[in-house]
2 protein chains.
Amino acid sequence: MSAAKQKLPEMRARLFDGRREASARLENLLSRKQQEAFRSIATVFEYRRGGTVLFTEGTDASFVYSVAEGIVRVCRHSDGGRRQVLAFMLPGDLLGLPDSGTYANTAEAACPCTLYRMPWAQLRELMQREPALQLNLLEKVAYDFREAQRRIMVLGQQNTYQRLASFLADFIQQPAFFDADTATLTLPLTRFDIADYLGTAPETVARGFLRLEQEGLLRRVGPRVTEIRDIEGLRKLQHRKRRAAR
Amino acid sequence: MSAAKQKLPEMRARLFDGRREASARLENLLSRKQQEAFRSIATVFEYRRGGTVLFTEGTDASFVYSVAEGIVRVCRHSDGGRRQVLAFMLPGDLLGLPDSGTYANTAEAACPCTLYRMPWAQLRELMQREPALQLNLLEKVAYDFREAQRRIMVLGQQNTYQRLASFLADFIQQPAFFDADTATLTLPLTRFDIADYLGTAPETVARGFLRLEQEGLLRRVGPRVTEIRDIEGLRKLQHRKRRAAR
DNA sequence: CGCAAATTTGAGAGTCGTCAAACATAGTGG
DNA sequence: CCACTATGTTTGACGACTCTCAAATTTGCG
């Protein structure tokens, strides 16, 4: 039962008080009519190569993007120049909301991608005509906020091995990347991307995969392809202590 | 120049596109009239002792709180039972917004506190009568979201020593806890609170203070009172590499 | 096929979590 | 008012974890 078919008063009530949504993918939050309005101001963009920059932190924010296909990495650079991946945006996600008129972070295609691009001015205008849309925006920000809090839990409490397990457990939930029939996870991400997401080094990620393989939780088919052998085992890892007692 | 005096159409535009606010303290976001409306539904609560639970994650969310005095720690417990402090809420901050009808995390007074408590139902009703209020709420969530992203940067890139420096640098910005004249920082938090906030152990926090003292950046007056000797030095720490090269 | 980039593996050392114990502090009851 | 006790803090020791440097190996692409 999709939220898109609810009547407007119900949609208002859903925010904060309603059922918990599995995700806040854009299309799940919009009525059919709203989706059409979106499409009327959106342009399709294809990025053939990974690494292409969509926008840079600090620059004027004119466009908002929605991922149609592929993975976009949203990152920020510390003063030391080191990159931190704040989030991977997956198909259906919305990104590029202005913060005080500029982008708060940098977005790059992590692999060949297709996305929708909309002028922020037009989207804002649309929202003023349809207040319900604005509420959807709030829902979206609230969802991203909760996701960020989950990241804080992972980064604050887990060792690198557990973080990798958490990362894989999350992506297993995404049918676009995990084929449940063959238990095959296909991630178009480099070890650098994963390392910068987990706050560790690419070597440590490689060693994490090695250990997960040795413990029988998965099998490395290729650098981007993994056969998951024990989903429950991956999940259980997160609940252990960060460090072996002596 | 406070945003509170702007006319309503301007307030609408301020969101996402407006000037960057130093903080999103509640009173800065509300017009005088709105503040009065808030006060009319709010009750003052005093918590004499630190450790008192305001609300628990997973329980029904009936009330929203605003800190008047003291520090509230917002935390969540991992399945292993370990506590992670997601944020410290300071005077002016709003907390306890329902997530799908329940609290997403636990809030406890970190020290003797005074706060305002409002029934969520009444606040929601108030928002429906005054759409501008709803926009303020969005602003608030967006602010918390950006704060969470900053935490991700710190937890993902910095070692425990740098995290402690970041933590202190943040609190130096708060006049309620830092007396600029005497350069004295008075934090009613235990080493456990700080450790759970920084994702480390209390012993490591203590050693961090020791090292900061040895390097001349501060002087420990007492466990809760610190004399800051080199603010710029604290800030610079964050920009260094996480680890000494060999 | 050949090169550039990514990944893996190895070695060594810096960091920090854990256990233990000494010490300080604040709150309590006599 | 003081001893007492519970709680919080500091210090020490040790080993687990993982970052860094280096090099071998594999992968992806033109």
S.K.: Answer yes or no: side-chain N or O of B/Arg243 and base N or O of C/dG14 forming a donor-acceptor pair under 3.5 Å.
M.R.: yes

S.K.: Report the residue (A/Arg224 or A/Arg207) whose heavy-atom-nearest nucleotide on DNA chain D is the more 5′ of the two.
M.R.: A/Arg207

S.K.: Judged by atom type as modelled, is there a donor-acceptor pair below 3.5 Å linking the side chain of B/Gln157 to the main-chain atoms of A/Arg83?
M.R.: yes

S.K.: Side-chain N or O of B/Thr160 versus OP1/OP2 of C/dT15: is the shortest distance under 4.0 Å?
M.R.: no

S.K.: Would one find a side-chain N or O of A/Thr190 under 4.0 angstrom from OP1 or OP2 of C/dA5?
M.R.: no

S.K.: Can you check the A/Leu164 CG to D/dT18 C1' distance for me, whole Å?
M.R.: 14 Å

S.K.: If the cut-off is 4.0 Å, is B/Arg191 near the phosphate of D/dT10, judged by side-chain N/O to OP1 or OP2?
M.R.: yes

S.K.: To the nearest 0.5 Å, what is the distance between CG (B/Leu123) and CZ (B/Phe38)?
M.R.: 4.5 Å

S.K.: When rounded to the nearest 0.5 angstrom, what is the spacing between OH in A/Tyr103 and CG in A/Asn105?
M.R.: 10.5 Å

S.K.: Round to the nearest Å and state the distance from A/Phe209 atom CZ to C/dA6 atom C1'.
M.R.: 14 Å

S.K.: With nearest nucleotides of DNA chain D determined for B/Thr204 and B/Ala245 from heavy-atom distances, which residue corresponds to the more 5′ nucleotide?
M.R.: B/Thr204

S.K.: May I have the distance from B/Asn159 (atom CG) to D/dC17 (atom P), rounded to whole angstrom?
M.R.: 19 Å

S.K.: Any sub-3.5 Å donor-acceptor pair from B/Asp193's side-chain atoms to B/Thr190's backbone N or O?
M.R.: yes

S.K.: Taking OP1 and OP2 of D/dT26, is either one under 4.0 Å from a side-chain nitrogen or oxygen of A/Arg220?
M.R.: no

